[in-house]
Amino acid sequence: MRDVVAQMHRWWGEGEPFARATVVATWHSSPLPPGTSMLVGPDGAAIGSVSGGCVEGAVYELAQEVTDSGSPVLERYGVSDDDAFAVGLTCGGIIDVYVERIDPGGFPELGEVAEAVAAGEPVAEVICVAVDGPDPEGRLGRRLVVRPEGTSGSLGSGRLDAAVAEDARGLLAGGRTETLAYGYDGVRMDEELTLFVSVHATPPRMLVFGAVDFAAAMARIGAYLGYHVTVCDARPVFATPRRFPEAHEVVTDWPHRYLRTEAEAGRIDERTVVCVLTHDPKFDVPLLDVALRLPLAYVGAMGSRRTHDDRLRRLRATGVGEEALARLASPIGLDLGARTPEETAVSIAAEIIADRWGGSGTRLASLSGSIHGQEPMRPAAGG
């Protein structure tokens with residue numbers, strides 16, 4: 001996403017119009033999530049994808065038409081499994097794609113968005129992608145840029161802007177991109193306006209405690225999955241950047257003190273995952289006592305079942321309740337038969353992903369129904 005925004009900014013700076021096609025809603029086994037974009041540049045170059053190659057040809061042609069006309073279009077691709085091959089979606093999924101022309105006059109806030117994305121600062125772009133009924137006020141295609149403090153642009157009314165900004169900041173905090181519905185004056189859940197909130201949030205954090213071989217493998221796969229990875233250990237001889245080149249940060253501190261400091265500074269949120277790999281009670285127990293009291297996405301701890309039982313006994317003694325203990329993934333990871341640090345890191349990453357999306361960890365070949373089992377987004381209104 002950062003590369004796409006950077007390319008948009010380059011073309012925008014040259015003053016030439018181009019098109020952006022964005023997935024705004026999906027159903028069934030759609031290959032790419034909402035927020036995924038494809039650009040068609042002034043020279044006809046295509047960058048990015050909306051379906052992994054299934055409908056790119058049709059979207060490309062539509063993007064060229066929209067660049068010429070200047071009129072945005074919300075188009076649906078894919079109707080049923082039976083018709084999937086005919087419409088281009090080999091997996092039978094359905095996607096709504098919003099195609100718009102981008103130029104400095106129509107999107108003057110793009111420079112602000114690009115600067116925030118490049119700096120790693122959270123920003124949300126809210127676009128009106130559909131209007132239910134006539135649109136005499138020209139709401140379709142209007143946008144509002146929302147940051148933690150302040151907005152720019154407008155969706156057409158102050159009340160609507162205020163309601164949307166409040167909701168968009170909530171999505172920013174959670175790092176979620178969504179389609180929302182409002183009335184013309186900002187009434188939530190009304191069906192008059194369909195707004196797509198594209199969130200550019202700071203990467204979620206992965207905190208890996210314990211400067212061991214498993215931590216090096218975990219840092220590598222965490223960075224690959226898009227996390228901002230920090231490795232922390234109290235022993236300076238082991239906690240060195242040279243040992244963990246894939247980590248974004250290597251910190252020498254007592255784990256529990258570092259986690260508490262980061263939480264108090266507001267640098268921990270509900271997307272943060274914590275992997276405790278030290279399996280040493282003098283580090284583990286104080287750290288988990290802090291971690292299990294925070295609203296984290298995932299807390300896992302390495303160790304044998306005997307270590308786990310001893311760890312639970314010690315945590316209960318510190319006052320950690322049963323509800324908090326039930327959140328602890330220990331022994332850490334899924335049963336993949338892992339032997340090496342790299343294989344173990346894959347098993348931990350698999351558990352984090354399953355935890356995030358509600359997956360079972362079961363072989364897909366033994367299941368039926370949709371491969372992507374999450375609840376579908378609310379469909380965008382017709383264009």
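Scope of the values below: all heavy atoms of this structure, side chains included, with no hydrogens, waters or symmetry mates. Quick caveat: nothing in here was measured; it's all calculated off a predicted structure.
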>> Can you confirm whether M206 sits close enough to R271 that some side-chain heavy atom of one is under 4.5 Å from a side-chain heavy atom of the other?
In response: no
> In Å, rounded to the nearest 0.5 Å, how long is the span from OG of S69 to CD of Q64?
Replying inline: 12.0 Å
> Within a strict 4.5 Å, meaning less than it, do heavy atoms of the T151 and D161 side chains meet?
Replying inline: no
> Is L180 reachable from L160 through a run of I, L, V, M, F, W or Y residues, each pair having side-chain heavy atoms under 4.5 Å apart?
Replying inline: yes
> Should the pair H228 and H248 be assigned to parallel (<30°), tilted (30 to 60°) or perpendicular (>60°) ring geometry?
Replying inline: parallel
>> So if I apply the side-chain contact (heavy atoms from CB on, under 4.5 Å) rule between V99 and each of L62, T67, V40, V50, which one comes out positive?
In response: L62
> Any side-chain donor paired with an acceptor under 3.5 Å for Y182 and D167?
Replying inline: yes
> Taking atom types as modelled and ignoring hydrogens, do the side chains of S37 and T22 form a donor-acceptor contact shorter than 3.5 angstrom?
Replying inline: yes
>> Distance alone, cut at 3.5 Å: any donor-acceptor contact between the side chains of S347 and T344?
In response: no
>> As an exercise, state the distance from CD1 of I348 to CD1 of I353, rounded to the nearest 0.5 Å.
In response: 12.0 Å
> Are any non-hydrogen side-chain atoms of E16 and W11 less than 4.5 angstrom apart?
Replying inline: no
> Taking atom types as modelled and ignoring hydrogens, do the side chains of S330 and R311 form a donor-acceptor contact shorter than 3.5 angstrom?
Replying inline: yes
> Can any side-chain N or O of E343 pair as donor or acceptor with the backbone N or O of T340 at less than 3.5 Å?
Replying inline: yes
>> Please report the interatomic distance CG(D96) to OG1(T179), rounded to the nearest 0.5 Å.
In response: 8.0 Å
> Could you state the interatomic distance from OG1 (T230) to CZ (R267), rounded to the nearest 0.5 Å?
Replying inline: 10.0 Å
> When rounded to the nearest 0.5 angstrom, what is the spacing between OG1 in T261 and NE2 in H256?
Replying inline: 9.0 Å
> With a 4.5 Å heavy-atom cut-off, do R147 and P122 have their side chains touching?
Replying inline: no
> With a 4.5 Å heavy-atom cut-off, do L193 and Y184 have their side chains touching?
Replying inline: yes
>> Membership question, hydrophobic clusters at under 4.5 Å side-chain separation (ILVMFWY): are V55 and V66 in the same one?
In response: yes
> Just wondering, do F214 and H279 contact through their side chains at under 4.5 Å, heavy atoms?
Replying inline: no
> Does the side chain of T202 come under 3.5 Å of the side chain of E121 through a donor N or O and an acceptor N or O?
Replying inline: no
> Do the charged groups of E351 and R356 touch, with an N to O distance under 4.0 Å?
Replying inline: no
>> Contact between F283 and D280 at the side-chain level, heavy atoms closer than 4.5 Å - yes or no?
In response: yes
> With a 4.5 Å limit on heavy-atom distance, are the side chains of L39 and M8 in contact?
Replying inline: yes
>> For V299, run the side-chain contact (heavy atoms from CB on, under 4.5 Å) check against L292, T272, L287, D355 and tell me which one passes.
In response: L292
>> Between the side chains of D135 and R139, is the shortest nitrogen-to-carboxylate-oxygen separation below 4.0 Å, so that they form an ion pair?
In response: no
>> With a 3.5 Å distance limit and no angle check, can you tell me whether W12 reaches the backbone of F107 through a side-chain donor-acceptor pair?
In response: yes
> Within 45° of the ring axis of F238 and under 6.0 Å from its six-membered ring centre, is that where the NZ or CZ of R243 lies?
Replying inline: no
